[in-house]
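So that the names make sense, note that chain A is the first sequence line, chain B the second, and so on, each numbered from 1. Because only heavy atoms are used, hydrogens play no part in the values below, and waters and symmetry mates are left out as well, while side chains stay in.
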There are 2 protein chains.
Amino acid sequence: MGSLEEAIKQKEFKDPYNKLVVNLLYTHSYLVTAQNNILKPFDLSPEQYNVLRILRGQNGVPTTVSSIQDRMLNKMSNASRLVDKLKAKELLERRECPSDRRQVDILITEKGLQILNDLQVHMEGFNTQVINLSEEEVIIMNDLLDKLRG
Amino acid sequence: MGSLEEAIKQKEFKDPYNKLVVNLLYTHSYLVTAQNNILKPFDLSPEQYNVLRILRGQNGVPTTVSSIQDRMLNKMSNASRLVDKLKAKELLERRECPSDRRQVDILITEKGLQILNDLQVHMEGFNTQVINLSEEEVIIMNDLLDKLRG
DNA sequence: CCCTATTACGTGTATATACAATTAATATCA
DNA sequence: TGATATTAATTGTATATACACGTAATAGGG
């Protein structure tokens, strides 16, 4: 499972750039699959988990749907529908914003904070387990990824 | 748009490992969005494009649905339904396999090869444009990604 | 040869992505 | 002020992911 070539049964790539695109797509799938395995018992998708963490980061200050959208990892996602799902599970509250009735104030509930808390034990070692790199290598990779996107 | 922190409005991360997970998820979204912009005029999704390239790599030798599945970047994808979509567009053919009637032989059509050929001009510069790194950095990153997955 | 296990493929359902369109509220400015 | 533009959020539709299940064909062992 180590090399990319083996994992997707491809003998060689046109050039290193081509391999890197494929490598990033494949590694993403590897990561999300691992994340899913942890989140599944909690009945959360990775994106729902992401939204909950954004809300927790507000420390009690309400935020809007569009603000959540801006902070999401996938800008093409749909915060409105994700908020709906999380509200159905009572992990967040929606309140009409008094100063601008187009907006909706979103707040994480106690139940939402609790589920994040329960997850923390499982997430604690996740990052270092799923990423088989030294801290130095991780820092190099972060810098390269930031540069990659220009 | 450079730094991850700015892109997702997050001040800091718990540790470099945590940042790397988020960085990979965010960079994936950046890549796929760029890929989509090229593929959209050709009415192909990134996964459909991936399946077509796998078929072209066969050089005329038929392959099966499960073999396509094995080579896909996302192992949890559904090759059966993707093959259906591509057949509807007449970009591939399905033939009952004579030696094993459970299997289906899949072959890319002339039309499928033509669409890949038309795409090549647009994909030519894509990799180097979307990846703002030197070739040395790209090679380092490929090695780190291969190591990351263990 | 038959029974059982396995394999290949397809289907069903829930969730999410991608993108266009709609609606309601607010902002802008002649 | 009143017409127009902009913004916030929702909705609709097509595609894809994640995973369970179903069916038909083949393999393998008694």
Verdict with supporting geometry, A:L55 and A:L86, side chain to side chain contact (heavy atoms under 4.5 Å, CB included): CA-CA 11 Å; A:L55 292 176; A:L86 292 168; 5.5 Å; no
Using the side-chain heavy atoms of B:V65, tell me which of these nucleotides is nearest: C:dC19, C:dT17, C:dC9. C:dC9
By nearest atom, which of the nucleotides D:dT11, C:dC9, D:dT7 is closest to the A:R102 side chain? D:dT7
Rounded distance in Å - CG (B:N78) to P (C:dT13): 15 Å
Can you tell me how far P of D:dT15 sits from CE of B:M76, to the nearest Å? 23 Å
Atom-to-atom span, NZ of A:K89 to C1' of C:dA14 - whole angstrom: 10 Å
Side chain of A:S80 - closest among C:dC9, D:dT11, D:dT17: D:dT11
Atom-to-atom span, CG of B:N37 to P of C:dT17 - whole angstrom: 17 Å
Hey, which sits more toward the 5' end of DNA chain D by its nearest nucleotide, A:V32 or A:T63? A:T63
Taking the nucleotide of DNA chain C with the closest heavy atom to each, which residue, A:L44 or A:P98, is nearer the 5' end? A:L44
Picking from D:dT10, C:dC9, D:dT17, the nucleotide nearest the side-chain atoms of A:V104 would be D:dT10
In sequence, state the C-alpha distance, the side-chain angles, and the governing distance for A:R56 and A:N117, and then conclude on side chain to side chain donor-acceptor pair (under 3.5 Å). CA-CA 11 Å; A:R56 181 178 56 185; A:N117 207 53; 5.9 Å; no
Toward the 5' end of DNA chain C, which comes first, B:S66 or A:N74, by nearest nucleotide? B:S66
Name the nucleic acid region contacted by A:N36, choosing base, sugar-phosphate or nothing; use a 4.0 angstrom heavy-atom cut-off, strictly under. sugar-phosphate
For A:Q103 and C:dA24, give me the distance from atom CD to atom P, rounded to whole Å. 18 Å
side-chain N/O A:K40 vs D:dA20 OP1/OP2, d < 4.0 Å: yes
Would A:L24 and B:L24 count as a side chain to side chain contact (heavy atoms under 4.5 Å, CB included) if you check the C-alpha gap in whole Å, the side-chain angles of each, and the deciding distance to 0.1 Å? CA-CA 8 Å; A:L24 285 166; B:L24 284 166; 3.9 Å; yes
Distance, rounded to the nearest Å, where A:K85 contributes NZ and C:dT17 contributes P: 10 Å
Does any N or O in the side chain of B:N142 come within less than 3.5 Å of the main-chain N or O of A:P16, such that one atom is a donor and the other an acceptor? yes
Please determine whether any donor N or O and acceptor N or O are separated by less than 3.5 Å between the side chain of A:R101 and the base of C:dT23. no
Whole-Å distance separating the CG atom of A:D105 from the C1' atom of D:dA9: 13 Å
Carboxylate-amine/guanidinium contact A:D43 A:K40, below 4.0 Å: no
So what does A:T64 touch, heavy atoms closer than 4.0 Å: a base, only the sugar-phosphate, or nothing? sugar-phosphate
Side-chain donor/acceptor of A:R81 to base of D:dG12, under 3.5 Å: yes
Starting at CG of B:L82 and ending at P of D:dA18, how long is that distance when rounded to a whole Å? 12 Å
Determine whether more than 12 heavy atoms belonging to other residues, nucleotides or ligands lie under 6.0 Å from atom CD of B:E110. no
Nearest-neighbour nucleotide for the B:Q48 side chain, D:dT15, C:dT15, D:dC19 considered: D:dT15
